[in-house]
Each structure stands twice: as C-alpha cells, then as structure tokens.
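Have a look at this one before I ask anything.
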Amino acid sequence: MYLLKTSASFDSAHFLKGYNGKCANLHGHTWRVEVEVSAGALVTEGEKRGMVIDFSDLKRAVRALADRFDHTLIYEAGSLSERTLTVLTEEGFSLTAFPLRPTAENLAKYFFDALAASLPVRRVAVFETPDNCAVYEEDRACR
C-alpha cells in the first residue's frame, strides 16, 4: 500500500451553540488539516507514471478546500439569529454556514467527503491545536 500525506492550515473562529463550557464562546483556532491518500499500485503510464497522484494536484485540492474556511466565522447553520447574521454581514465579517456543529470531528468528515469525490482519500485529521486532533477514516470493510 502506498500512502501520501499533505497538509494545509487556516485560521478561523467558531463556537459550539448549546455546549456547556468555554467553547460555547466565540474563539479562534489555527486549524491544520492533514490528508492521507492511498493506492495499492502506482500509475503505470503517462507523465504520472510511478506516482499515486501528483503531489501538486493533491496539495492544490486540499489548499482550495482549506481556503474556503480561512479567516471566517464558521457557524452551525441555524445557530445564529437573522438579526445577528444581518449585523455581522453589514459589518463586513466573513461568515461560513456549516451544516453541522463545527467541531474538529465534523470538519474531518466534511474534508474527507469533499476530497474523496475526486481523490483516493484514506484518512483526514483536523487539528484545532498543535496537540489535539480528530481523525476520520472510513472502515474499509464497509466499502
């Protein structure tokens, strides 16, 4: 099995509505997303011969997805009132509605699903601090 890994970072704020703790308050992270792709064999023909995937293609895809979240407030859709959204928008803040609670776990699965549509993704780790991360990988037996 061949494995390739790349990472990208982004800075954003979030909060966990309904959480009983400090993370209920608006706060920020420098998130790091590590993406691992795998293949049982290498490409055998053409310019990508001897590769799982071109690293530049892998890095570009991960970076493009991370850039969607950079310097924005990631909030769970429906967790802010229309009034709050209007005021934040009028003030010029970048807002990103997320379909789930914006936890590291949910972001890891989101990145996995978004990238797996076009890449042989094996696992995704999302670090919200240098020491704490959530990892998502599909059970190979379920495929």
Side-chain angles (χ1 to χ4, degrees), residues 1-44 48-143:
M1 172 86 53
Y2 295 95
L3 302 172
L4 300 180
K5 185 165 53 171
T6 192
S7 65
S9 297
F10 62 94
D11 296 301
S12 68
H14 75 146
F15 64 94
L16 303 179
K17 184 172 179 112
Y19 180 74
N20 186 21
K22 293 191 308 184
C23 292
N25 291 311
L26 184 63
H27 63 285
H29 295 286
T30 296
W31 304 85
R32 189 173 89 245
V33 179
E34 290 184 352
V35 176
E36 188 175 292
V37 297
S38 65
L42 301 176
V43 175
T44 58
K48 296 181 183 176
R49 185 171 43 89
M51 300 178 184
V52 169
I53 185 174
D54 189 320
F55 264 114
S56 63
D57 294 336
L58 176 60
K59 292 186 302 185
R60 185 179 311 109
V62 174
R63 178 81 258 152
L65 193 52
D67 283 349
R68 293 183 196 172
F69 294 98
D70 193 37
H71 283 80
T72 189
L73 168 59
I74 305 169
Y75 68 96
E76 183 177 5
S79 67
L80 294 173
S81 70
E82 285 302 316
R83 181 172 165 244
T84 300
L85 290 171
T86 298
V87 170
L88 290 171
T89 302
E90 286 174 354
E91 292 293 331
F93 288 101
S94 175
L95 306 172
T96 301
F98 194 68
L100 304 165
R101 193 182 228 190
T103 61
E105 295 90 336
N106 283 329
L107 286 167
K109 180 150 184 351
Y110 174 85
F111 271 79
F112 184 100
D113 290 344
L115 293 167
S118 60
L119 297 171
V121 180
R122 179 183 173 98
R123 67 193 314 244
V124 173
V126 173
F127 289 76
E128 60 176 36
T129 70
D131 299 323
N132 299 307
C133 76
V135 176
Y136 182 82
E137 62 185 11
E138 287 190 342
D139 184 348
R140 297 272 178 187
C142 293
R143 286 188 171 183

Between Val126 and Trp31, which heavy-atom pair has the shortest distance, and what is it? CG1-CE3, 3.6 Å
Minimum heavy-atom separation for Arg32 to Ser9, with atom names? CG-OG, 3.7 Å
For Val52 and Leu42, run side chain to side chain contact (heavy atoms under 4.5 Å, CB included): C-alpha distance rounded to whole Å, both residues' side-chain angles, the deciding distance at 0.1 Å, then the answer. CA-CA 5 Å; Val52 169; Leu42 301 176; 3.7 Å; yes
Ser94: side chain to side chain donor-acceptor pair (under 3.5 Å) partners, not counting sequence neighbours: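 Residues passing side chain to side chain donor-acceptor pair (under 3.5 Å) with Ser94: Thr72.
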Check the pair Val37 / Leu3 against side chain to side chain contact (heavy atoms under 4.5 Å, CB included), numbers first and verdict last. CA-CA 6 Å; Val37 297; Leu3 302 172; over 6 Å; no
If every non-hydrogen atom of Ser7 is compared with every non-hydrogen atom of Glu34, which pair is closest and at what distance? CB-CG, 3.8 Å
Would you give the length of the straight line joining atom OH of Tyr136 to atom CG of Asn106, rounded to the nearest 0.5 angstrom?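 Taking OH in Tyr136 and CG in Asn106, the distance rounds to 11.0 Å.
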With sequence neighbours left out, what residues match Asp54 under salt bridge (Lys or Arg N to Asp or Glu O under 4.0 Å)? none
Minimum heavy-atom separation for Ser12 and Ile74, please, with both atom names. OG-CD1, 3.3 Å
Results of salt bridge (Lys or Arg N to Asp or Glu O under 4.0 Å) for Asp57 - residues two or more places apart only: Lys48, Arg60
Measuring from Asp70:CG to Thr30:OG1, what's the distance to the nearest 0.5 Å?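 Nearest 0.5 Å value for the CG-OG1 distance: 9.0 Å.
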If I take atom CZ from residue Phe55 and atom OG1 from residue Thr6, how far apart are they, to the nearest 0.5 angstrom? 7.0 Å
The criterion is side chain to side chain donor-acceptor pair (under 3.5 Å); which residues satisfy it with Glu36, sequence neighbours excluded?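 Scan of Glu36 (side chain to side chain donor-acceptor pair (under 3.5 Å), adjacent residues dropped) gives Arg122.
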As an exercise, state the distance from CG of Leu4 to NZ of Lys59, rounded to the nearest 0.5 Å. 11.5 Å
Quick one: CG on Leu119 to CD1 on Ile53, what's the gap to the nearest 0.5 Å?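 Leu119 atom CG to Ile53 atom CD1 measures 4.5 Å (nearest 0.5 Å).
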For Thr84, all residues meeting side chain to side chain donor-acceptor pair (under 3.5 Å), sequence neighbours excluded: Ser81
Considering the options Glu76, Arg101, His29, which one meets the side-chain hydrogen bond (donor to acceptor under 3.5 Å, both in side chains) requirement together with His14?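 It is His29; the other options fail the test.
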Between Ala134 and Ala108, which heavy-atom pair has the shortest distance, and what is it?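 Scanning both residues, the minimum pair turns out to be O-CB, 3.9 Å.
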Applying side chain to side chain contact (heavy atoms under 4.5 Å, CB included) to Tyr110 and Leu100, what does each step give before you reach the verdict? CA-CA 9 Å; Tyr110 174 85; Leu100 304 165; over 6 Å; no
Return the orientation label for the Phe10 and Phe111 ring planes: parallel under 30°, perpendicular over 60°, tilted otherwise.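 Phe10 and Phe111: parallel rings.
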Let me confirm one number: the CG-CG distance from Leu73 to Leu95, rounded to the nearest 0.5 Å.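 Taking CG in Leu73 and CG in Leu95, the distance rounds to 5.5 Å.
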Ignoring hydrogens, what is the shortest heavy-atom contact between Ala13 and Leu26? Give both atom names and the distance.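 What the structure gives for the nearest pair is CB-CD1, 4.0 Å.
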For Thr129, all residues meeting side chain to side chain donor-acceptor pair (under 3.5 Å), sequence neighbours excluded: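 Side chain to side chain donor-acceptor pair (under 3.5 Å) list for Thr129, sorted by chain: Asn132.
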